[in-house]
Amino acid sequence: MRAIRLHAANGPAGLSLDEIDVPAPQPGEVLVRVHAAAITRDELEWPVDRLPATPSYELSGVVDALGAGVEDVAVGDEVYALTGFDRDGGAADYAVVPAAFLAPKPQTLDHVESAAIPLAALSAWQALFDHGRLDPGQRVLVHGAAGGVGHFAVQLARHRGAHVVATASRANLDAVRKLGADQVVDADARFEEIVEPVDLVFDTAGGERLKRSPAVIRPGGRLVSVAVEPPRDAVAGHELTAVYFVVEPSRDQLIEIARLVDGGELRPAVAEVFPLEDARTAFERSLAGSRRGKIVLRVAD
Ligand SMILES: NC(=O)c1ccc[n+]([C@@H]2O[C@H](COP(=O)([O-])OP(=O)(O)OC[C@H]3O[C@@H](n4cnc5c(N)ncnc54)[C@H](OP(=O)(O)O)[C@@H]3O)[C@@H](O)[C@H]2O)c1
């Protein structure tokens, strides 16, 4: 089969398109014929201790074969998943995924749109609801709101009944407003002088915005981040809880997310689609600047 593999810890330049054997699913695992896989900025920095590694931790495809003991998934099922970060991903014709991570893909979307969901939407879900404890009526500020994770965070927070404030690059402000943000702020502005105190900041951008965020959080509020850990000196002296976390696969949350998608409450944004063989260009593009939504690799029709 074709597989994109990272051979050296030097970003997109370390990728090549290889021919390798189709992997065999072990007990509890499933072989998925991949139709599409999405990529995440910076993810080539994650598997550098286990090279060569196939990137793309989220995929949509069709179940091709079952490992021993798998009972709740059947050959031919259309599925989507966030795979584990300790194993090969979806930028290949086939991927082996633990059965426990697979969920039925949204019925109203094709594979390319479905692949754009798992990592980013689960990150947003877990940030807002598990780590951020966002309740209806609370105020949340999302940084990087047009990005892969941010565009889901705006929609999910709005759906939960929160008041949503969002920062994004100027060119993306209208798009973020259309996602449901109540207030949008240019990423270059001093948001902490404009925005009323919030219960939760969810940062997906890092940098200055993350550093300046404690100033806008009400006493007892929360700062949740996924891009980088909140710097200690930025948090010191503020009465808040700061959390950096790594997203975890969750079939149950993906089922809930697919239900929202099929009910018209949540839409993935696909910024660009590349054929599998152009993965290196796709990864270069992911590092090149901000965009609206996710970059997806099309693997099969
Ligand atoms: N810890 C975890 O479990 C976890 C999970 C998911 C993602 N992540 C990481 O979190 C970050 C956000 O993920 P994402 O998928 O939302 O990424 P993304 O779409 O590329 O970026 C999100 C936003 O970050 C800002 N940004 C800052 N530096 C950028 C750069 N060099 N290139 C492009 N945009 C940049 C942009 O916002 P503006 O336009 O407003 O400037 C962009 O919309 C990435 O670093 C990713 O690796 C971590």
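When a ligand or atom number is given, it counts from 1 through the structure's own listing order. Heavy-atom basis, side chains included; hydrogens, waters and symmetry copies ignored.
Contact annotation: the side chain of Thr83 never approaches that of Pro249 to less than 4.5 Å [non-hydrogen atoms, C-beta and beyond]. Side-chain contact between His159 and Leu260: present, with at least one pair of heavy atoms (C-beta onward) separated by less than 4.5 Å.
Val30 and Leu254 are assigned to two separate hydrophobic clusters, defined by single-linkage of ILVMFWY side chains at heavy-atom distances under 4.5 Å. No path of Ile, Leu, Val, Met, Phe, Trp and Tyr side chains, each step under 4.5 Å between heavy atoms, connects Val184 with Val198, placing them in separate hydrophobic clusters. Val97 and Val79 fall within a single hydrophobic cluster, where Ile, Leu, Val, Met, Phe, Trp and Tyr side chains are chained together by heavy-atom contacts under 4.5 Å.
Given atom 19 (O) of ligand 1, the protein heavy atom at minimum distance is Gly148 N, 2.8 Å. The single protein non-hydrogen atom nearest to atom 10 (O) of ligand 1 is Ala227 CA, 3.5 Å, given as residue, atom name and distance. With respect to atom 45 (O) of ligand 1, the closest heavy atom belonging to the protein is Asp42 OD2, 2.7 Å. Protein heavy atom nearest atom 1 (N) of ligand 1, with residue, atom name and distance: Phe245 O, 2.9 Å. The nearest heavy-atom contact from the protein to atom 3 (O) of ligand 1 is Val247 N, 2.7 Å. Ranking the protein heavy atoms by distance from atom 11 (C) of ligand 1 puts Thr204 O, 3.5 Å first. Scanning all protein heavy atoms for the shortest distance to atom 42 (C) of ligand 1 gives Ser290 CB, 4.1 Å. Protein heavy atom nearest atom 16 (O) of ligand 1, with residue, atom name and distance: Val149 N, 2.8 Å.
Contact atoms of ligand 1 toward Thr40: 15 (O), 46 (C), 47 (O) (distance under 4.0 Å to a heavy atom of the residue). Under a 4.0 Å criterion applied to the non-hydrogen atoms of Val246, ligand 1 contributes the atoms 1 (N), 2 (C), 3 (O).
Ring-plane geometry between Trp46 and Phe85 is classed as perpendicular, the angle between the planes exceeding 60 degrees on a 0 to 90 degree scale with a lower cut at 30.
In this structure, of Glu45, His151, Arg209, the residue bringing a heavy atom nearest to atom 41 (O) of ligand 1 is Arg209. For atom 4 (C) of ligand 1, the candidate residues are Val226, Ile39, Leu210; the nearest heavy-atom contact is made by Val226. Between Gly206, Ala205, Ser286, it is Ala205 that holds the heavy atom closest to atom 25 (C) of ligand 1. Remark: among candidates Glu229, Arg291, Arg41, Lys294, the nearest residue to atom 22 (C) of ligand 1 is Arg41, based on non-hydrogen atoms.
Assignment of Ala120 to the shell around ligand 1 is not supported, since no heavy atom sits closer than 4.0 Å. The closest approach between any non-hydrogen atom of Trp46 and ligand 1 is below 4.0 Å.
Ion pair Arg285/Glu272 flagged as a salt bridge, since at least one NZ, NE, NH1 or NH2 atom sits closer than 4.0 Å to an Asp/Glu carboxylate oxygen.
For residues 37-50, the set of pairs meeting the salt bridge (charged side-chain N to carboxylate O under 4.0 Å, His left out) definition, not counting sequence neighbours, comprises Arg50-Asp88. Applying the salt bridge (charged side-chain N to carboxylate O under 4.0 Å, His left out) test to pairs two or more places apart or on separate chains, those with a residue in residues 145-170 are Arg158-Asp182, Arg170-Asp186.
The neighbour count for Arg298 CZ, taken as heavy atoms of other residues, nucleotides or ligands under 6.0 Å away, does not exceed 12. Within 6.0 Å of CD in Glu71 there are 12 or fewer heavy atoms belonging to other residues, nucleotides or ligands.
A side-chain hydrogen bond (donor to acceptor under 3.5 Å, both in side chains) with Asp199 is found for exactly one of Arg218, Arg139, Arg133, namely Arg218.
With a 4.0 Å cut-off on non-hydrogen atoms, Ser123 touches ligand 1 through its side chain and not its backbone. When heavy-atom distances to ligand 1 are checked against a 4.0 Å cut-off, Leu119 comes that close only through its side chain, counted from C-beta outward.
Not one N or O of Gly150 is nearer than 3.5 Å to an N or O of ligand 1, by distance alone.
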